[in-house]
Number of protein chains: 2
Amino acid sequence: MKNRLKELRSARGWTQEDLGKRLGVSRQAIIALESDKHDPSLDLAYRIAALFGEPVETIFENPHA
Amino acid sequence: MKNRLKELRSARGWTQEDLGKRLGVSRQAIIALESDKHDPSLDLAYRIAALFGEPVETIFENPHA
DNA sequence: ATCTCGTGTCAGGTTTACCTGACATTCGAG
DNA sequence: CTCGAATGTCAGGTAAACCTGACACGAGAT
């Protein structure tokens, strides 16, 4: 699922590890998300949206909309 | 994660199996969601939102909002 | 009373999200 | 040139989401 995670992260000058710590996940999880290897759980998607102050749909593209 | 799935489903007169077929998941998956045993994947959450014509956040409570 | 339909629940299996740890590469700072 | 920081990538593990199949139970219809 396409997403703007890498864009949002680097716009804030955060490293992958920074972001992982802020979200409570590992760096590997960040890598997998940024490189579209995984889709996040809904709970993690909510945490990401809260962290960046954007709705989930503007960060993770909804293929069923 | 608290959700309104059962409410939305029965409001439409659908069985758990009906809903599962419309969403492309098993009846067990529906049961697990309705009884809060599982959180959905983001992709499934998007399919559910599309099916009921509501945003994800009004169906699945966001504990990080 | 029986039959059916919807639901609840158990058992066991597969896939995927997420984990830790290790190492190679690149690149800017000193 | 060297060092450290950030990233990429691999290997192997755990946990949760999802699967199929089976059976018990209650409520309604016949």
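Proteins get letters first, then strands, A, B, ... in listed order; numbering begins at 1 in each.
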Touch check for S26(A), heavy atoms < 4.0 angstrom, all strands: base, sugar-phosphate only, or nothing?
base

- prompt: Does any N or O in the side chain of D39(B) come within less than 3.5 Å of the main-chain N or O of M1(B), such that one atom is a donor and the other an acceptor?
  reply: yes

Considering only heavy side-chain atoms of I31(A), the closest of dG8(D), dT7(C), dC18(C) is dG8(D)

Strictly below 4.0 Å: does Q28(B) bring a side-chain N or O up to OP1 or OP2 of dG21(D)?
no

TODO: Please evaluate the base of dG21(C) for a donor-acceptor partner in the side chain of R27(A) within a cut-off of under 3.5 Å?
DONE: no

Rounded to whole Å, NE2 of H38(A) lies from C1' of dT9(D) at a distance of 13 Å

Legend entry - L44(A) backbone acceptor or donor facing S41(A) side chain under 3.5 Å: yes

- [ ] Give one of base, sugar-phosphate or nothing for G24(B), where a contact means two heavy atoms less than 4.0 Å apart.
- [x] sugar-phosphate

Between CG of D39(A) and P of dA17(D) the distance, given in whole Å, is 14 Å

Taken to the nearest 0.5 Å, the spacing of R12(A) CZ from D18(A) CG works out to 12.5 Å

Full working for salt bridge (charged side-chain N to carboxylate O under 4.0 Å, His left out) between E54(B) and R4(B): CA-CA 11 Å; E54(B) 287 193 31; R4(B) 299 193 303 119; 2.4 Å; yes

note: L42(B), atom CG; dA16(D), atom C1'; distance rounded to Å ~ 16 Å

Quick note, A29(B) side chain, CB onward, closest among dT9(D), dT9(C), dC18(D) is dC18(D)

Whole-Å distance, L44(A) CG to dT16(C) C1', equals 14 Å

Separation of dA6(D) atom P from I30(A) atom CD1, nearest Å, is 15 Å

Here the gap from I31(B) atom CD1 to K37(B) atom NZ, rounded to the nearest 0.5 Å, amounts to 7.5 Å

Open item on the list: At less than 4.0 Å, is any side-chain N or O atom of K6(B) found next to OP1 or OP2 of dG6(C)? Yes or no.
Closed with: no

Testing dC19(D), dC19(C), dA17(C) for proximity to the side chain of S41(A), the answer is dA17(C)

Whole-Å distance, Q16(A) CD to dT20(C) P, equals 15 Å

Taken to the nearest whole Å, CG/L33(A) to P/dT16(C) is 15 Å

| query | Is a donor-acceptor contact shorter than 3.5 angstrom present between the side chain of E34(B) and the base of dT7(C)? | reply | no

Out of dG8(C), dC18(C), dT7(D), minimum distance to the side chain of T15(A) belongs to dT7(D)

To the nearest angstrom, the CE-P distance between M1(A) and dT16(C) comes to 14 Å

